[in-house]
Enquirer: 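I am attaching a structure below and will ask some questions about it afterwards.
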Amino acid sequence: MYQINTNAGATKIDKLPEKCPFCHSGISPKTINGNSGNGRMEIFMSCPKSTCKNSFIGYYKYENNMWRYTNETTCKILK
């Protein structure tokens, strides 16, 4: 279980993504912030690998008294 900061204060989630959706490396992502409402939560995260550092959003659903990871999404910003 992990604790993160959200718009509603600190909360606990069941897990974090285990792979970066960009570089596909095994990671423990850096959590930046979360936003929750209506039984859903989005957590803004980034890859800690120095060769990647891309950001993505992890999605969670509130079930059985816990925020449970469902999936992540990516958005590549062109430089």
Side-chain angles (χ1 to χ4, degrees):
M1 206 172 335
Y2 299 89
Q3 184 166 320
I4 60 141
N5 292 321
T6 71
N7 60 318
T11 192
K12 293 181 180 176
I13 59 174
D14 67 338
K15 67 180 187 173
L16 293 167
E18 296 176 348
K19 286 187 176 182
C20 172
F22 289 98
C23 69
H24 307 289
S25 296
I27 61 166
S28 180
K30 178 182 176 186
T31 59
I32 299 167
N33 204 349
N35 190 26
S36 62
N38 297 324
R40 303 231 182 252
M41 180 167 43
E42 299 174 349
I43 302 175
F44 188 57
M45 304 179 198
S46 67
C47 178
K49 299 279 185 181
S50 62
T51 54
C52 182
K53 298 281 187 192
N54 283 297
S55 298
F56 55 95
I57 298 172
Y59 291 94
Y60 292 78
K61 187 164 75 171
Y62 197 73
E63 291 181 330
N64 301 322
N65 298 316
M66 176 172 294
W67 288 104
R68 299 191 182 276
Y69 175 73
T70 59
N71 65 302
E72 79 279 333
T73 188
T74 62
C75 181
K76 185 73 172 171
I77 297 174
L78 302 175
K79 297 179 183 179

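Each residue takes its place number in the sequence, starting with 1.
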Enquirer: What distance separates S28 OG from M45 CE, expressed to the nearest 0.5 Å?
Expert: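 Output value for this atom pair is 10.0 Å.
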
Enquirer: At their closest point, which heavy atom of F22 faces which heavy atom of S55, and how far apart are they?
Expert: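 Where F22 meets S55 most closely, the heavy atoms are CE1-O, 3.2 Å.
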
Enquirer: May I ask you to test the I32-S46 pair for a side-chain heavy-atom distance under 4.5 Å?
Expert: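 Yes, at least one pair of side-chain atoms sits under 4.5 Å.
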
Enquirer: With sequence neighbours excluded, tell me which residues meet side-chain contact (heavy atoms from CB on, under 4.5 Å) with K12.
Expert: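 Once residues adjacent in sequence are excluded, the partners of K12 under the side-chain contact (heavy atoms from CB on, under 4.5 Å) criterion are M1, Q3.
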
Enquirer: Under a 3.5 Å distance rule, please check whether T70 uses its side chain to pair with a backbone N or O of Y59 as donor and acceptor.
Expert: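 Yes; judged by distance alone, with no hydrogens or angles, the pair exists.
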
Enquirer: Give a yes or no on whether the backbone of N38 and the side-chain of Y62 come within a donor-acceptor separation of less than 3.5 Å.
Expert: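 It does not hold such a pair.
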
Enquirer: Would you compute the distance between atom OG of S36 and atom CD1 of I4 and round it to the nearest 0.5 angstrom?
Expert: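 It is 8.5 Å, given to the nearest 0.5 Å.
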
Enquirer: Mind checking the CD1-OG1 spacing from I43 to T6? Nearest 0.5 Å is all I need.
Expert: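 The CD1 atom of I43 sits 8.5 Å away from the OG1 atom of T6.
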
Enquirer: Treat each ILVMFWY residue as a node, draw an edge where side-chain heavy atoms are under 4.5 Å apart, and state whether I57 and M41 are in one component.
Expert: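 No; M41 is not reachable from I57 via cluster members.
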
Enquirer: Within the supplied structure, the quantity of interest is the number of heavy atoms (other residues, nucleotides, ligands) at a distance under 6.0 Å from E63 CD; does it exceed 12?
Expert: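 Atom CD in E63 is crowded, with more than 12 foreign heavy atoms closer than 6.0 Å.
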
Enquirer: Counting neighbours of NZ on K19 that are heavy atoms of other residues, nucleotides or ligands and sit closer than 6.0 Å, is the number greater than 12?
Expert: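 Open: at most 12 neighbouring heavy atoms sit under 6.0 Å from NZ of K19.
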
Enquirer: Enter the distance from K15:NZ to Y60:OH here, rounded to the nearest 0.5 Å.
Expert: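 Output value for this atom pair is 8.5 Å.
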
Enquirer: Once rounded to the nearest 0.5 Å, what's the spacing between atom CE of M66 and atom OG1 of T11?
Expert: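 M66 atom CE to T11 atom OG1 measures 9.5 Å (nearest 0.5 Å).
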
Enquirer: Within this structure, what is the NZ-CG distance for the pair K61 and D14, rounded to the nearest 0.5 Å?
Expert: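 Interatomic distance, K61 NZ to D14 CG, rounded to 0.5 Å: 12.0 Å.
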
Enquirer: Hey, quick one: are I27 and Y69 part of the same hydrophobic cluster, counting side-chain heavy atoms closer than 4.5 Å, chains of contacts allowed?
Expert: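 Hydrophobic grouping puts I27 with Y69.
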
Enquirer: Taking all non-hydrogen atoms of both residues, which atom of P48 and which atom of P29 are closest, and how far apart?
Expert: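 Reported closest heavy-atom pair: CD-CA, 4.1 Å.
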
Enquirer: Looking at every non-hydrogen atom in both residues, tell me the closest pair between C23 and C47 and how far apart they are.
Expert: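 Looks like SG-SG, 3.9 Å.
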
